[in-house]
Amino acid sequence: QEVLVESGGGSVQAGGSLRLSCASKYTGVTSCMAWFRQAPGKERETVATITMTDKTTYADSVKDRFTIAMSSNKRILTLQMSGLKPEDTAIYYCALRGGLKTWYCPALGVEREYDHWGQGTQVTVSP
């Protein structure tokens, strides 16, 4: 059974907006959640992270365009994307790190500390 399920991907023209969602069925204590993306031929990269105390961190490439947020019940993670560019085209994944350090997220680029991953959702931005 999948712990994380993403939705909301699709195709949009440059300058447009999309909202991704990730539903969590994790039954333990969540420390951190994040969005990653992987473009064709490139390594997976961190897009944004959020602690359960709502501290957020963004990759420079998406800062001021994307917003990561968590629902009050800690079950729905979202990524609001605006001002989309063709270089944002990728498969987007949500990830969850369990644990009691609810103020802590791994540094951008660190993947090994995440315990669960979604199946990914495709985002395509046309020029």
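Heads up: numbering here begins at 1 and tracks the sequence. Values below: all heavy atoms of this structure, side chains included; hydrogens, waters and symmetry mates excluded. Every value quoted in this text rests on a predicted model; they were computed, and no experiment measured them.
- Between the side chain of Asp115 and the backbone N or O of Arg97 there is no donor-acceptor pair closer than 3.5 Å.
- Across Thr102 and Thr30, no two heavy atoms sit closer than the pair CG2-O, 3.7 Å.
- Heavy-atom contacts from other residues, nucleotides or ligands closer than 6.0 Å to NZ of Lys55 number 12 or fewer.
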Check your understanding: Would Leu84 and Phe66 count as a side-chain contact (heavy atoms from CB on, under 4.5 Å) if you check the C-alpha gap in whole Å, the side-chain angles of each, and the deciding distance to 0.1 Å?
Key -> CA-CA 9 Å; Leu84 282 162; Phe66 290 10; 3.8 Å; yes
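- Using modelled atom types, one finds no donor on one side chain facing an acceptor on the other under 3.5 Å when comparing Glu111 with Tyr93.
- Panel note: side chain Gln122, backbone Gly9; no donor-acceptor pair is recorded below 3.5 Å.
- Nearest heavy-atom pair, Leu18 versus Gly8, reported as atom, atom and distance to 0.1 Å: CD2-O, 4.1 Å.
- Checking side-chain atoms of Trp35 against main-chain N and O of Thr78 turns up a donor-acceptor pair under 3.5 Å.
- Side-chain atoms of Thr51 come within 3.5 Å of backbone atoms of Thr53 as a donor-acceptor pair (strictly under, hydrogens ignored).
- Across every non-hydrogen atom of Leu108 and Tyr58, the tightest pair is CD1-O, 3.6 Å.
- A donor-acceptor contact shorter than 3.5 Å is absent between the side chain of Arg44 and the backbone of Ile91.
- At least one donor-acceptor pair closer than 3.5 Å links the side chain of Ser31 to the backbone N or O of Tyr104.
- Between the SG atom in Cys32 and the CD1 atom in Ile50 there is a gap of 8.5 Å [rounded to 0.5 Å].
- A distance of 7.5 Å separates CD1 of Ile68 from SG of Cys105, quoted to the nearest 0.5 Å.
- Here the closest heavy-atom approach between residue Ala59 and residue Thr46 is recorded as CB-O, 3.5 Å.
- The structure places CG of Leu77 at 8.5 Å from OG of Ser21, a figure rounded to the nearest 0.5 Å.
- In this structure, Asn73 places its CG atom where more than 12 heavy-atom neighbours from other residues, nucleotides or ligands lie under 6.0 Å away.
- Distance check: Glu2 CD to Leu4 CG gives 9.0 Å after rounding to the nearest 0.5 Å.
- Enclosure of atom NZ in Lys42 is not indicated, since only 12 or fewer non-hydrogen atoms of other residues, nucleotides or ligands lie within 6.0 angstrom.
- Panel note: side chain Gln13, backbone Val125; no donor-acceptor pair is recorded below 3.5 Å.
- Under the rule for a ring pair (Phe, Tyr, Trp, His ring centres under 6.0 Å), the partners of Phe36 that lie at least two apart in sequence or sit in another chain are Tyr114, Trp117.
- Identified under the side-chain hydrogen bond (donor to acceptor under 3.5 Å, both in side chains) test for residues 80-92, with sequence neighbours left out: Arg19-Gln80, Arg37-Asp88, Arg37-Tyr92, Arg65-Asp88.
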Exercise for review: Evaluate side-chain contact (heavy atoms from CB on, under 4.5 Å) for Gln38 paired with Glu45, printing each intermediate quantity in order.
Suggested key: CA-CA 6 Å; Gln38 186 166 21; Glu45 62 176 356; over 6 Å; no
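- Ser24 contributes a side-chain N or O that, together with a main-chain N or O of Tyr26, makes up a donor-acceptor pair within less than 3.5 Å.
- Nearest heavy atom pair, residue Met81 against residue Val123, reads CE-CG2, 3.9 Å.
- In terms of heavy-atom proximity, Cys22 sits nearest to Met33 at SG-CE, 4.1 Å.
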